[in-house]
Amino acid sequence: MGLLGDELAFARALTAQENESVMALGSRKRYPADAHLLTEGDRSSHVMIILRGWVTVSVATDRGATRLILGLRGPGELLGEMAALDSHPRSATVRALGPIEAQVISGDAFRRFLALHPRVSGLVIRQLTFRLRSADQERSALASLTVLQRLAARLSELSRVEPAGPYAPPVPGRSRPGTVVHLAQDELAATVGATREAVAKALRLLRTQKVVRTGNRMVEILDPALLALLAEGHQE
Ligand SMILES: Nc1ncnc2c1ncn2[C@@H]1O[C@@H]2COP(=O)(O)O[C@H]2[C@H]1O
């Protein structure tokens, strides 16, 4: 299962020439941490390419009482393509995890560009199919894995995110001991589709087994190897 986007983020898959032409369609904007870049239900159709920083993509559930985090998107990734392509209201809210720099392009300009550049349209289709695959995997994980397994898998995944640097891809392979995931318990719960209480219980178990250490809005991974085993359901 995965919250992270395609390892080959949109902008990284463009040729130098395509990249230059796409970027020239819009203008660079900066957003502070916590800013809402896009809001679920809004009627706007611009797209954004993240140049620096990470965002969460989430939807309101339970009549707005809780949120479910659908994805984390980082440098090089394209956002807002769904409303730009189908003219429906925004499917989700995109919130800045830290300061963000993004290239903002009008929906019209983006659609015209795709019509003239079939290879780039192919990249957008590839991104959408990748996301559908991940959504299918998430559904199957929700149906078949325990909260502990889902949390262990999520922490393994998130600990591979390198929040610094422009266009930084997730680090492949297993995280190093001491890597820190900067999310609060309720945010973690929102990424695994479980209650805060269930996640707190699973974290307690991980703490007693010295797999993680927790603090204010952070989980430090002490034993990535055991975390990976727990994610596969080897031990409880
Ligand atoms: N499951 C998901 N994973 C990652 N990003 C998503 C997901 N669902 C929606 N998004 C992004 O969030 C954006 C919200 O606005 P749009 O619907 O225009 O386009 C959406 C996508 O770019």
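We number each residue from 1, following the sequence as shown. Just follow the structure's listing: the first ligand is 1, and inside any ligand the first atom is 1.
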Item checked: Those atoms of ligand 1 less than 4.0 Å from some heavy atom in Ser91 ->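 Those atoms are 9 (C), 14 (C), 15 (O), 16 (P), 17 (O), 20 (C).
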Notebook entry, point to check: Between Arg207 and Thr214, do the side chains contain an N or O donor and an N or O acceptor separated by less than 3.5 Å?
Noted result: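 Result is yes, a qualifying pair exists.
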Check: Of the backbone atoms (N, CA, C, O) and the side-chain heavy atoms from C-beta on, which set of Arg73 has a member under 4.0 Å from an atom of ligand 1: side chain, backbone, both, or neither?
Finding: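 The answer is the side chain.
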Next item on the list: For Gln103 and Gly26, indicate whether the former's side chain and the latter's backbone hold a donor-acceptor pair under 3.5 Å.
Entry: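 Answer holds: yes.
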Next item on the list: May I ask you to decide if Leu85's main-chain N or O and Arg111's side chain share a donor-acceptor pair within less than 3.5 Å?
Entry: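 A pair under 3.5 Å: no.
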Margin query: Check this for me: does any side-chain nitrogen of one of Glu138 and Arg154 sit under 4.0 Å from a carboxylate oxygen of the other?
Written below: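 Salt bridge: yes.
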Item checked: Pairing of Arg139 and Asp136 as salt bridge, 4.0 angstrom limit ->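 Result for this pair is no, no salt bridge flagged.
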Looking only at protein heavy atoms, identify the closest one to [atom] and say how far it is in Å.
atom	result
atom 15 (O) of ligand 1	Arg90 CD, 3.3 Å
atom 10 (N) of ligand 1	Val57 CG1, 3.5 Å
atom 21 (C) of ligand 1	Glu81 OE2, 3.6 Å
atom 3 (N) of ligand 1	Arg131 CD, 3.1 Å
atom 14 (C) of ligand 1	Ala92 O, 3.5 Å

Next item on the list: Over all heavy atoms of both residues, which pair between Ala13 and Arg119 is shortest? Give the atoms and the distance, please.
Entry: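 In this case the closest contact between Ala13 and Arg119 is O-NH2, 2.9 Å.
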Next item on the list: Evaluate the side-chain contact (heavy atoms from CB on, under 4.5 Å) criterion for residues Arg67 and Arg95: first the C-alpha distance (whole Å), next the side-chain angles of each, then the deciding distance (0.1 Å), finally the verdict.
Entry: CA-CA 12 Å; Arg67 301 199 69 78; Arg95 186 175 74 82; over 6 Å; no
Notebook entry, point to check: Should Gly80 be counted as touching ligand 1, given the test is an N or O pair under 3.5 Å?
Noted result: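 So ligand 1 has an N or O lying under 3.5 Å from an N or O of Gly80.
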Margin query: Are any of the N/O atoms on Ala83, whether in the backbone or the side chain, positioned under 3.5 angstrom from an N/O atom of ligand 1?
Written below: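 N/O-N/O distance under 3.5 Å: yes.
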